Each structure stands twice: as structure tokens, then as C-alpha cells.
A.B. asks: 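Supplied in C-alpha cells, the structure appears directly below.
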Amino acid sequence: MWQWFFRLGSPKWFYEMSGKWLPWLLVLMTVLMSVGIFWALLFVPQDYQQGDTIRIMYVHVPVASISLACFPLMAVAGVITLVWKMKLADMVAKCAAPIGAWFTAVALATGAIWGQPIWGTWWAWDARLTSMLIQFFLLIGVIALRSAIESPDAAAKACALLAIVGAINVPIIKYSVEWWNTLHQPASDFSMDENSAFGPEIWVPLVIMIFAVYLFFVISLILSTRNEILQRERRSQWVMDIVANEKV
Amino acid sequence: MKPHRRKKLTIIAFIATGLGIAIGLSLYALSNAIDLFFTPSQIAAGEVNNGQRIRIGGMVKEGSVEKSQDSLHVEFIATDYSHDLRVRYDGILPDLFREGQGVVAEGMVANGVFEASRVLAKHDENYMSVEVKAALDAAERERSLPVMATEGGPSGT
């Protein structure tokens, strides 16, 4: 019953499968990203309060929501590393940390750029903004911890534990706007009926951008993990075969 | 699952739940400090000392904004629909500041009035294109016109 699970954890299997998926994912992302960006920047109507500033949302919301998905991913990988000692899980966790840190930084930066004209300030120490900043520091901490410990096995264990502990911050970020009063607005109602916080001319491009940025994250993670696999498995026969074939 | 793995998983689950409960409780205890602003009701209940630097938040009450003609001085009422708080401010208001809009002000309470040193606008979670807003406003006007006529309000265009 557990066999498929362990096969999934084999770096060789992952390397071969991801090599087959990558071109398709790349095509899909390029299409979605270009449609989404052009739609958001050129064709989305101005907001009645924000004017053109609403276009920042099309980068900020996807990037921020995906940066929230990164920590749970690292925590799950951490549990697998600690319990099943699967090498691939640790490679994914290692590669996800810097990507997640970049996404968090971009979410913070775009938020500040939006906040200046709308709120009248770049930054406020409200619960949403502060918990997001803590996530950024936690990710920097994971990266630093990994490079501070020399033994790869010990580093994997320590980082897995930090990822599991740090994932507690994710629900805090998500619900901060409901639990406390904050300057940041709560999440918009995304339902299809008349309760919806925005009409289709505003949310359709947003959904496209969310999918596009999700794919961008997945592709970055796959590319980075493939590098990590080649690096760590460089002494195994199948990697030597690949290298020998590439040289010809 | 093998016994040693199950044991490890249980330990991790225990650590995660324990830590989650600990953090949850401390955040709950700290919630007053985490809140970015006090509401007018909290001010009315006397939760804040005179002269203490705080932030307050609420909605700008309709029809309450009084702007000075020859200076940047502005007064308005911030409300949470159960209590009101008069706010005085000398400075530039953010573009989004208007009646019926959320607002966060920094300053201190003095004699029941809030002396603000900074005013921020709070954006709500609703987005609407200029066209849709104009159409909604037109529909609103159409509905309210007959009412105004019966009230004997100003007629004509």
C-alpha cells in the first residue's frame, strides 16, 4: 500500500517525471501569465476609489497567497523527512525556502507600494503586515539554519523542525484580519452571486494571475529541486549516465 | 506504518499541538496589544487614559466632516455605529478620506475629543469599476427622486 508513496520519494523517478511535465507547465504558465498581465495592466477598468492603483492587486494577491502556501509545503516535507527519512522531501523543503522568501518579500513590497497612496503610509504595525514580516524572517532563519549546520542530515532535521514550528504562523497571517482590528482589509468575498466583492471584469483576470503565479512557483521549485537532485545524487549511476549523455 | 515511525509522528503531532495551543493562548491574551486601534466604543468605556498616545479606528460619519476654509484644520466624527468620537486634525488627508469610509487616526484623547497627529484611510474589501459605480449611483438617484419630490425637497435638475 505504501509503495507508491516511496516511489514518489525517489529522486530518480521525480527527475524523470518532472522532465516530462516541465515543457507543458512552461507553455501553460507563459500563456496564462501573458494573458493575465496584459489583461490586468491594460483592460481591467479603473476602480471607483483606487483608480489605476487596483492593478497592483493583480501581483500582490497571487504572490501573497502563494507565499502562504510555501510554509505548509515545507512543514509537510519536514514531517516526511523526520518520520520517513525521504531524501526528496528534504530537497524540496530546501529549495522551497528561498523561493518562499522571495514571494514573501515581493508581497510585502507590493503591499507597501499600494499602501502609500491608498492608506497614506508605507507601513503600519498591524497584525497582518507584522505576521507577514515574521514569515519573511522565519524563512530567512530556515535558510540560515541550513547553511549553518555542516552535516546535511542534521541540517535536514533542524530545518524540518523549524518549518513545522514556523507553519503555525500561517493561520495567524490568514486570520489576522478577522481576529484583530487591522489597517489591512479582510479577504474579499469571492462568491459568484451578487454578494461578490467585485464583478467578473475584476476577478476573472485575478483568477488567471493566481493560476499563472502558482505555476511560476511550481516551475521554479521543480527546476531548483532538479538541480539539488543532480548535486546530491552526483555519485549515483543514473546521474553519471545523464551527465555522460549530455556531454556527447 | 512501522512502530518507530508511528512513534515519531506522534511526537511531532504532540509538539505541534502543544505549541499551537501555547501560541494561541498568548495571542488571545495579547489581543488588546495586537489590535491596531481602539474603537469609539472602547474610548467611551474609558479604556484609554487622557493623554495616552493611541490609534483609533472607525467610519467617518456621514455629514460630519467640517473643513476649515483657510487652513488644513479638519474635524469629523469617527463612529462604530454605537458610539461617536469627535476627531480634530491639522494636516493633509489621504485621497481616500471621505464620509462613510473607514479611517484610522493616531493621536490622543483630550477632554473627550481626539487630537489626531496623523490620519490614515482604511480601504474596505470591495472593488468596483468606475462604470459599475456610476450605473449604481444612477439607479440610486432614480429610486430616491420620487421620495424627494414628496418631501418637497429641491426640485428640478
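Note that the structure is a prediction, hence the values are computed from the model and not measured.
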A.B. asks: Atom OH of residue position Y175(A) - does it have more than 12 heavy atoms of other residues, nucleotides or ligands inside 6.0 Å?
C.D. replies: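 Open.
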
A.B. asks: Would a 4.5 Å heavy-atom cut-off, applied to side chains only, mark D126(A) and V104(B) as touching?
C.D. replies: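 In short, these two side chains do not touch, never coming nearer than 4.5 Å.
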
A.B. asks: Show the nearest heavy-atom pair for residues H123(B) and Q185(A), with the distance to one decimal.
C.D. replies: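 Reported closest heavy-atom pair: O-CB, 3.1 Å.
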
A.B. asks: Is any side-chain heavy atom of Q49(A) closer than 4.5 Å to a side-chain heavy atom of R98(B)?
C.D. replies: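 Side chain of Q49(A) against side chain of R98(B), heavy atoms only: contact under 4.5 Å found.
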
A.B. asks: Name the option with the most non-hydrogen atom pairs under 4.5 Å to chain B; the candidates are M57(A), Q46(A), K85(A).
C.D. replies: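 Heavy-atom pairs under 4.5 Å are most numerous for Q46(A).
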
A.B. asks: With heavy-atom distances below 4.5 Å as the criterion, would you say the side chains of W180(A) and L27(B) are in contact?
C.D. replies: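 Yes, their side chains come closer than 4.5 Å.
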
A.B. asks: Among A134(B), G57(B), S31(B), G102(B), single out the residue with the greatest number of heavy-atom pairs under 4.5 Å to chain A.
C.D. replies: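 Result: the option with the highest number of such pairs is S31(B).
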
A.B. asks: Among the options K2(B), Q101(B), K7(B), pick out the one with the most heavy-atom pairs lying under 4.5 Å from chain A.
C.D. replies: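 Most heavy-atom pairs within the cutoff with chain A belong to Q101(B).
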
A.B. asks: Heavy-atom distance under 4.5 Å to chain B: side chain of L82(A), backbone, both or neither?
C.D. replies: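 Answer is both: backbone and side chain atoms of L82(A) are under 4.5 Å from chain B.
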
A.B. asks: Could you look at A187(A) and say if it's the side chain, the backbone, both or neither that has a heavy atom under 4.5 Å from chain B?
C.D. replies: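 Just its backbone gets close to chain B.
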
A.B. asks: Counting only non-hydrogen atoms closer than 4.5 Å, does L9(B) touch chain A with its backbone (N, CA, C, O), its side chain (CB onward), both, or neither?
C.D. replies: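 Looking at L9(B), backbone and side chain both touch chain A.
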
A.B. asks: How long is the span from the CD1 atom in I56(B) to the CG atom in N181(A), to the nearest 0.5 Å?
C.D. replies: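 It comes to 11.0 Å.
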
A.B. asks: Judged by atom type as modelled, is there a donor-acceptor pair below 3.5 Å linking the side chain of D47(A) to the main-chain atoms of M128(B)?
C.D. replies: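 Yes; judged by distance alone, with no hydrogens or angles, the pair exists.
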
A.B. asks: Closest approach of S188(A) and Y127(B), non-hydrogen atoms and distance?
C.D. replies: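 Distance-wise, the nearest heavy atoms are OG-CE1, 3.2 Å.
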
A.B. asks: Picking from R5(B), R55(B), K8(B), which has the most non-hydrogen pairs under 4.5 angstrom with chain A?
C.D. replies: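 Of the options given, most contacts go to R5(B).
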
A.B. asks: With a 6.0 Å cut-off (strictly less than), is the heavy-atom count around CD of Q52(B), excluding the residue itself, greater than 12?
C.D. replies: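 Counting neighbours around CD of Q52(B), more than 12 heavy atoms of other residues, nucleotides or ligands fall under 6.0 Å, so yes.
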
A.B. asks: Looking at F14(A), I want to see if its CZ is surrounded by more than 12 non-hydrogen atoms of other residues, nucleotides or ligands under 6.0 Å.
C.D. replies: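 Count over threshold, so yes.
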
A.B. asks: Counting only heavy atoms closer than 4.5 Å, note whether I118(A) contacts chain B via side chain, backbone, both or neither.
C.D. replies: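 Backbone plus side chain of I118(A), per the 4.5 Å heavy-atom cut-off to chain B.
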
A.B. asks: Is L19(B) close to chain A through its backbone or its side chain, or both, or neither, when contacts mean heavy atoms under 4.5 Å?
C.D. replies: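 L19(B) touches chain A through backbone and side-chain heavy atoms alike.
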
A.B. asks: So which atom in E201(A) and which in V132(B) form the shortest heavy-atom distance, rounded to 0.1 Å?
C.D. replies: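 Closest pair (atom of E201(A), atom of V132(B), distance): OE2-CG2, 3.6 Å.
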
A.B. asks: What residue, out of T39(B), I11(B), I12(B), has the most heavy-atom pairs lying under 4.5 Å from chain A?
C.D. replies: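 Of the candidates given, the most pairs with chain A belong to I12(B).
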
A.B. asks: Roughly how far, to the nearest 0.5 Å, is the OG1 atom of T121(A) from the CG atom of L120(B)?
C.D. replies: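 Here the interatomic distance stands at 5.5 Å.
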
A.B. asks: At a 4.5 Å cut-off on heavy atoms, which part of L183(A) comes close to chain B: side chain, backbone, both, or neither?
C.D. replies: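 Looking at L183(A), backbone and side chain both touch chain B.
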
A.B. asks: Treating K122(B) as the side-chain partner and T182(A) as the backbone partner, does any N or O pair qualify as donor plus acceptor under 3.5 Å?
C.D. replies: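 Yes, because the side chain of K122(B) sits within donor-acceptor range (under 3.5 Å) of the backbone of T182(A).
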
